[in-house]
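The structure under discussion appears below in the form of structure tokens.
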Number of protein chains: 2
Amino acid sequence: MRKKNQHDHTADQSLPKLGVRPYLDLMEKTASSDTNKHSAYMGLLMVWLSDNILDVVDVDLAAYNITESKFDLLLLLTLHEGKELITPSAIADRLGIRRASVTALLDWLEKRNWISREQSSTDRRMVHVRITTEGRALVEAVLPTFWSTCSSLVSELEPDEQQVFEKVLIKLNSVIENRLGVGK
Amino acid sequence: MRKKNQHDHTADQSLPKLGVRPYLDLMEKTASSDTNKHSAYMGLLMVWLSDNILDVVDVDLAAYNITESKFDLLLLLTLHEGKELITPSAIADRLGIRRASVTALLDWLEKRNWISREQSSTDRRMVHVRITTEGRALVEAVLPTFWSTCSSLVSELEPDEQQVFEKVLIKLNSVIENRLGVGK
DNA sequence: AAAATGAAATTAGATTATCTAACTACATTG
DNA sequence: CAATGTAGTTAGATAATCTAATTTCATTTT
């Protein structure tokens, strides 16, 4: 998990903030000659930003005692609700994790009564997973904050920046999803 | 940890890819009225992208049997090398985790001979942490790939997109670092 | 200077999110 | 109907975190 809870009453001595410079110097010395340094720099910024963004989301969800993976799963159930039979295998597939990991997530969610499992009557190996009324209530409680957090992430951008940024996000997402072989 | 190793020989039945639409519909119904929906949509894309970006980095580093957190720590040691006395407390502070967590990371790295600990002679409560020759060799082996991966993240963008994107990244990073109270 | 306070690191024990391998129950197929 | 394969779970592991307690020093206060 990526949890960062901050601050003991610590540390007299502390390390100065480095900023980006030393990373660039290091890159100068260690990047292969066929790597575009300016792109690499932007990539580095993106990695840092990604880390921070997920932290913000975690902090946000923590207030509801749920983590991103689990919330993701509830959202998935919400969105497929009524349309298709949702099994642990299908969930594993979609989330890109193993069935055993899904079992663990479901155990946790079921203990809190946010999902239910029911054996399929047509194929008794399979389990039908559903979000419960309580689960739905949780999702509905979380979503307004979640959307507002999402929105706050980009709210500082100027309209013209937003415009380009949207195109960029869509492009990068599609490139990277192909690369990883995933997709929401 | 965010590890996603993909694919059992699984799942006959599978869930259709949803794409962005159902999320937007849900947002319509569940976002607070003072949330800018278009920004929220972009924020959502950013969260997805962040997830994927960290996965790419993980996959990359996995080849060297090291994870992002641990590599981060080695990088930190590399960049402060010789300049300041690096203690577990200072590391905890910088990484935004507890001292106890740092102890665990250091134990792991020390076992592999990538860092060393030495008691400070001036204040015997403190420990001086240093990257070893082997540690440095590892970092040097990883970095070329790492930079090239960073670069590959944005390489599909057009020059004009890159230009705006860079400004955006810098802005977002600074906004979010203020918000979280962190910084590299 | 002895006692109290506080800081640095570690230890112990917990939780979350993963994994692999093995197992059980069932279904399909040859 | 025996063999093979699939769905889900269990068991046991690792990683990254946490809190609380403990140890060892250093500093401050009386």
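All of these numbers come straight from a predicted model, not from anything done at the bench. Quick note on labels: first sequence line is chain A, next is B, and so on, each numbered from 1.
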Between [N] atom [atom2] and [X] atom [atom1], what is the distance in whole Å?
X         : N       : atom1 : atom2 : result
Phe71(A)  : dT16(C) : CZ    : P     : 18 Å
Ile86(B)  : dA9(C)  : CD1   : P     : 12 Å
Asp51(B)  : dA17(C) : CG    : P     : 13 Å
Trp108(A) : dT18(C) : CH2   : P     : 13 Å
Ile91(B)  : dA16(D) : CD1   : P     : 15 Å
Leu105(A) : dG8(D)  : CG    : P     : 14 Å
Arg98(B)  : dA14(C) : CZ    : P     : 19 Å
Asp55(B)  : dT18(C) : CG    : P     : 9 Å

Heavy atoms only: give me the nearest [X]-[Y] pair and the separation to one decimal.
X         : Y         : result
Ala40(B)  : Thr35(B)  : CB-CG2, 4.2 Å
Glu140(B) : Pro144(B) : O-CD, 3.1 Å
Met27(A)  : Lys37(A)  : SD-O, 3.6 Å

Contact residues, residues 110-125 of chain B to DNA chain C [heavy atom, < 4.0 Å]: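 Only Arg117(B), Arg125(B) qualify.
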Lys70(B) to Trp108(B) six-membered ring, cation-pi geometry met (6.0 Å, 45°): yes
Both Val102(A) and Lys70(B) contact DNA chain D. Taking the nearest nucleotide for each, which residue is further toward the 5' end?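 The 5'-side residue here is Val102(A).
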Output the single nucleotide from [options] whose closest atom is nearest the side chain of [X].
X         : options                  : result
Ile97(B)  : dA8(C), dT17(D), dG8(D)  : dT17(D)
Ala104(A) : dG8(D), dT18(C), dT10(C) : dT18(C)
Ser89(A)  : dA7(D), dT10(D), dA17(C) : dA7(D)

For Tyr23(B) together with Trp147(A), are the ring centres under 6.0 Å from each other?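 No, the ring centres sit 6.0 Å or more apart.
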Using a strict threshold of under 4.0 Å (side-chain N to carboxylate O), is an ion pair present between Arg130(B) and Glu118(B)? yes
